[in-house]
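Some notes on the structure that comes next.
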Amino acid sequence: MEEMPKTYDPATAEPELIDRWIEAGCYQRSKGVGDCTVVIPPPNVTGILHMGHAMDDTIQDAFVRYNRMRGRSTRWILGTDHAGIATQTKVDKKLKSEGISRLEIGRSKFLDACWDWTHEYGGTIVSQIKRMGCSIDFSDEKFTMSPEFSRAVRKVFCDWYHDGLIYRGKRIVNWCPSCCTAISDDEAEYKDEKGHLWYLRYPLVEPVDGVEYVTVATTRPETMLGDTGVAVSPNDEEKAKLVGAKVMLPIVNREIEIFSDWHVDAGFGTGFVKVTPAHDPNDYAMGQAHDLPQINIFDEHAVVVPGYGEFSGMTRDECREAVVAWFDEHGLLEKVEELDHSVMHCYRCDTALEPWLSEQWFVAVDKLKERATQVVKDGEVTFHPARWTQTYLTWMENLKDWCISRQLWWGHRIPVFYCEDCGWEDALMEDTDVCPKCGGHHVHQDEDVLDTWFSSQLWTFATQGWPDYPEQMQGHHPTKVLVTARDIIALWVARMIMSSLYFTDEVPFHDVYIYATILAKDGSRMSKSKGNGVDPMELMEKYGADAMRYNLLTLITNNQDVKFDANIDKKTHKLIDSPRTEQARGFVTKIWNASRFVQMNLEGYEPGAPAAVTPEDAWMLSRLARAVSRATEQLETYAFGDYAREIQSFFWGDVCDWYIELCKGRLLDGTPEERLQVQRNLVFVLDTCMRLLHPAMPFVTESVWDALPASGLDDHSAQFLMVATWPEPERYSGFVNERAEKDFELAKELVSSVRSTRARYRLSPRAELRVDVKAPADACQTLAAQADFVRSVGHLSELVLAEPGEFARPEGSVSVVTPEFEAYVVVGDLVDLAAESARLSKELAKAEKDLAGVERTLANEGFMAKAAPEVVEKKRAQATELTTTIEQLKAQIADFA
């Protein structure tokens with residue numbers, strides 16, 4: 001048996017293992033009993049790995065590896081999204097840098113440039129996912145613009161079109177004047193901005209009861225050019241007399257009527273609201289209800305259209321300044337107030353969006369959402385954590401028709417064709433240049449493309465052969481679980497459910513796991529513009545993929561946000577360090593070193609069954625059985641954070657700190673029989689632990705498992721750990737021994753108490769001490785049965801056990817009190833008790849003084865109002881730490897009373 005290297009180098013081991021796994025076909029779909037098919041949320045083809053991807057992919061890989069080891073049929077489907085706006089923006093930028101205009105070269109050549117871009121850069125994020133150790137079938141990669149996927153998209157559009165679920169209409173949309181396309185509500189990003197509330201006077205055509213004008217309050221004075229009404233609240237009795245009166249709209253001299261509508265908040269501004277149906281969603285709704293004209297004053301670049309005199313040709317901002325100046329010059333600007341408000345921005349280019357009336361294609365969702373709502377209510381689709389169920393149901397309840405058209409060139413072109421001669425229109429599966437109605441050749445296709453979410457909604461079934469080869473879906477659809485972020489529950493999850501039910505008559509997945517949003521260290525959102533984003537590739541380069549993956553899993557709780565502990569260079573935006581990931585690397589090292597120690601002491605080893613020869617053996621095997629059962633339950637129920645944290649606690653604490661340490665005596669000084677049995681036990685425990693840890697930390701566990709011989713309950717026939725069997729709880733149930741666990745835990749607690757006393761009084765770990773224990777009879781009997789173990793491990797010169805009525809505290813002792821016993825450690829001359837008491841009293845006085853100072857600071861209202869949140873949090877943490885220190889010091893001083 002080749003000895004394991006002294007140190008484990010993830011930079012070398014991890015890439016080598018990836019190549020070996022892929023070459024051996026371990027990533028390809030496996031056959032088994034039960035199905036675990038998972039689709040990866042397709043990252044943008046232009047994208048690079050970020051922390052959200054890293055968390056998502058780590059969770060998926062842990063789940064897939066676990067199910068593969070359980071012998072289930074596994075298939076993890078990889079693919080990328082064509083990312084319509086993102087890709088077009090990048091290619092546009094590239095062409096501009098070369099002095100080329102998209103409009104000059106035309107649609108066909110521009111699409112060629114987009115394909116060139118995806119071929120050149122589209123593999124970046126896939127290679128990064130591969131570096132993480134994600135066991136995806138990379139030989140079967142999908143793309144939302146591939147011919148087979150495009151055919152599926154086209155069929156969905158045509159079927160819905162012919163079934164009356166897709167229609168074209170003129171509606172208000174969120175328009176990006178920079179990208180020149182519609183943006184969905186869910187993709188718009190709201191940003192708080194400092195703005196103003198302008199109070200503008202609109203003269204009445206004829207005064208009413210002495211009132212000559214009304215004053216409207218608006219955050220967008222430039223849109224007044226398109227006003228076609230003024231609204232008041234039906235609850236505003238004071239203004240009821242003005243309903244039906246008309247005002248003369250300044251500048252454009254348009255007569256518009258005052259009306260009442262429930263959209264108006266009587267408490268906002270003056271209670272009079274200017275209504276611009278073509279430039280505000282609420283105004284659009286009021287316009288529809290009151291049959292108001294819809295006047296679009298901007299073109300696609302948010303520039304004022306002709307017909308408005310000096311204002312025509314102005315941008316939104318220029319027009320705003322000019323309109324305000326005009327009102328001021330004509331004595332119609334009543335006042336201006338500062339106002340903080342939220343403004344929608346394009347999620348791609350950060351341009352302020354313009355509510356804009358335009359003709360678009362929509363999906364009528366009323367015929368789709370009822371069943372998609374019911375399958376969640378009935379539990380056919382289950383959200384984890386469960387609180388996201390209500391988020392989904394609330395969104396579905398308020399769901400509006402979905403705008404699916406985008407004014408781009410890159411994407412799935414809408415397959416609707418028009419005849420310019422006879423007016424024929426239809427959605428077709430195949431292109432045509434001849435009108436089937438009149439035979440004319442003046443036929444053209446719709447210029448718009450489909451929203452990328454329209455194509456990605458088909459992800460679970462269009463990646464598996466639908467519609468041409470539906471047999472490929474058998475046994476793999478519905479998929480098992482979708483792992484995704486909360487911010488696309490509406491954009492993607494709901495739409496996948498609606499389309500899958502419609503076209504396959506099945507839900508797309510049984511479970512939806514929503515992972516936490518990863519925030520920067522200070523609690524803000526990670527972003528390139530802020531320079532606070534953490535690059536997963538830098539984490540892997542510095543600490544290894546196992547450490548990054550494991551750290552991410554330990555961050556998972558029921559909270560919806562987690563802060564990632566990393567320090568970023570403010571100038572270069574590069575990673576400096578990540579203390580928590582450093583700790584995770586320490587765990588990787590612990591796994592390696594503990595396994596290496598065992599492997600180095602296996603001379604003469606022969607495979608055989610584990611056996612509970614000693615109390616610590618019985619305790620360890622029972623604890624191992626419980627760890628197997630617990631880890632299995634946690635991975636079955638998506639409790640990834642609990643799984644990661646508990647398995648570390650078990651391995652580091654129970655296995656390494658206790659069991660391996662306790663086995664050293666038999667390994668080094670035991671009889672041949674004792675040595676062989678403890679070797680078998682250790683190999684069995686390590687073998688099982690590597691299997692349990694593998695889903696979270698595939699690389700180091702594979703490396704250790706490869707170096708270990710076969711254990712007694714497994715022939716080690718699998719080529720790799722990742723395709724070896726999972727430790728099934730039923731096979732380990734015979735090791736459960738509650739009495740052995742309870743008895744050994746009592747002895748453990750006594751030894752730990754002695755160790756903590758040594759540390760508290762700075763005594764040598766090897767100094768032999770006498771310990772007197774006062775405990776009930778049953779505890780005394782339990783400790784007496786393990787007295788040799790306690791004396792040996794605790795380095796005790798004497799262990800005295802007595803029941804309460806028989807006990808007398810020995811002189812020169814310090815106490816440790818637990819619920820099970822009172823232990824008195826005799827320190828005698830090893831500690832100057834009087835001097836120690838005086839020293840501790842000084843420390844107590846200082847700690848109390850420091851705590852009083854911190855509490856005064858926290859009680860200072862001025863400090864709390866002005867201090868940064870992180871400073872306040874640090875002070876609170878300091879107060880908590882000092883409080884704990886004071887309690888500990890008081891307990892130690894009490895020992896000397």
Side-chain angles (χ1 to χ4, degrees), residues 32-34 36 62-63 65-72 74 591 594-595 598 607-640 642-660 662-663 676-696 701 704-705 708-718 721-748 782 785-786:
V33 178
C36 177
F63 190 70
R65 285 179 181 272
Y66 160 73
N67 278 276
R68 185 185 290 116
M69 293 177 74
R70 290 211 76 177
R72 293 169 179 157
T74 58
I591 293 170
S595 304
V598 172
V613 178
T614 65
E616 61 263 31
D617 290 339
W619 167 78
M620 181 74 265
L621 293 174
S622 186
R623 291 286 295 152
L624 182 67
R626 294 189 190 280
V628 167
S629 179
R630 186 77 176 135
T632 304
E633 178 188 4
Q634 288 162 340
L635 290 173
E636 284 290 326
T637 57
Y638 309 110
F640 299 103
D642 293 339
Y643 153 74
R645 289 184 293 270
E646 290 184 24
I647 198 66
Q648 180 195 25
S649 177
F650 168 71
F651 185 81
W652 197 313
D654 292 356
V655 176
C656 297
D657 290 353
W658 284 96
Y659 189 61
I660 291 178
L662 296 176
C663 288
L676 178 58
Q677 189 57 62
V678 79
Q679 286 175 335
R680 289 171 173 170
N681 289 357
L682 284 168
V683 170
F684 175 70
V685 170
L686 279 181
D687 179 289
T688 302
C689 287
M690 293 307 104
R691 295 171 196 249
L692 295 179
L693 284 161
H694 182 77
T701 54
V704 167
W705 191 81
L708 288 176
S711 67
L713 292 184
D714 190 274
D715 61 5
H716 223 65
S717 60
L721 172 59
M722 71 170 289
V723 292
T725 57
W726 179 259
E728 294 294 338
E730 294 77 14
R731 295 181 64 192
Y732 287 73
S733 59
F735 292 123
V736 176
N737 187 329
E738 291 186 11
R739 184 66 193 180
E741 283 191 63
K742 184 177 179 181
D743 289 354
F744 190 76
E745 287 295 337
L746 186 65
K748 252 184 75 184
T782 298
Q786 302 177 90

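Numbering of residues begins at 1 and proceeds along the displayed sequence.
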Parallel, tilted or perpendicular: rings of F744 and W658 (30°, 60°): perpendicular
Polar side-chain atom of S733 near backbone of E730 as donor-acceptor pair, under 3.5 Å: yes
Within-4.5 Å side-chain heavy-atom neighbours: D743 and P615: no
Donor-acceptor contact present, side-chain Q677 to main-chain A609, <3.5 Å: yes
Distance-only polar pair, side chains of N737 and E741, donor-acceptor under 3.5 Å: no
Atom of A625, atom of V736 and distance for their closest heavy-atom approach: CB-CG2, 3.8 Å
Candidate list V683, L682, L676, test side chain to side chain contact (heavy atoms under 4.5 Å, CB included), partner R680, passing option: L676
Heavy-atom pair of closest approach, residues V678 and C663: CG2-SG, 3.3 Å
side-chain contact (heavy atoms from CB on, under 4.5 Å) assessment of E745 paired with K742: CA-CA 5 Å; E745 287 295 337; K742 184 177 179 181; 5.8 Å; no
Pairwise distance CH2(W705) to OG(S711) - rounded to 0.5 angstrom: 9.0 Å
Nearest-0.5 Å distance, CG of residue L692 to CD of residue E646: 12.0 Å
Exercise: do T725 and R691 side chains pair donor with acceptor under 3.5 Å: yes
Close side-chain approach of V685 and F651, heavy atoms under 4.5 Å: no
side-chain contact (heavy atoms from CB on, under 4.5 Å) between M69 and L721, worked out: CA-CA 8 Å; M69 293 177 74; L721 172 59; 4.1 Å; yes
Gap between atom CH2 of W726 and atom OG1 of T688 - 0.5 Å precision: 10.5 Å
From CG (N681) to CG (D617), nearest 0.5 Å: 4.5 Å
Shortest non-hydrogen contact between N67 and T74, atoms and distance: C-CG2, 3.8 Å
side-chain contact (heavy atoms from CB on, under 4.5 Å) between C36 and F63, worked out: CA-CA 9 Å; C36 177; F63 190 70; 3.7 Å; yes
Y643 ring center within less than 6.0 Å of Y66 ring center: no
Closest heavy-atom pair and its distance - L635, P695: CD1-CG, 4.4 Å
Nearest non-hydrogen partners of E728 and V628, listed with the distance: C-CG1, 4.1 Å
Lys/Arg N to Asp/Glu carboxylate O, D657 vs K748, below 4.0 Å: no
Gap separating the NE2 atom of H694 from the CE atom of M722, nearest 0.5 angstrom: 5.5 Å
Side-chain donor/acceptor of S622 to backbone N/O of A618, under 3.5 Å: no
Side-chain donor or acceptor of D654 paired with backbone N/O of S649 under 3.5 Å: no
Residue pair Y659 / E616: nearest heavy atoms and the distance that separates them: CE1-O, 3.6 Å
Spacing of CD belonging to Q648 relative to CD1 belonging to I591, to within rounding of 0.5 Å: 8.5 Å
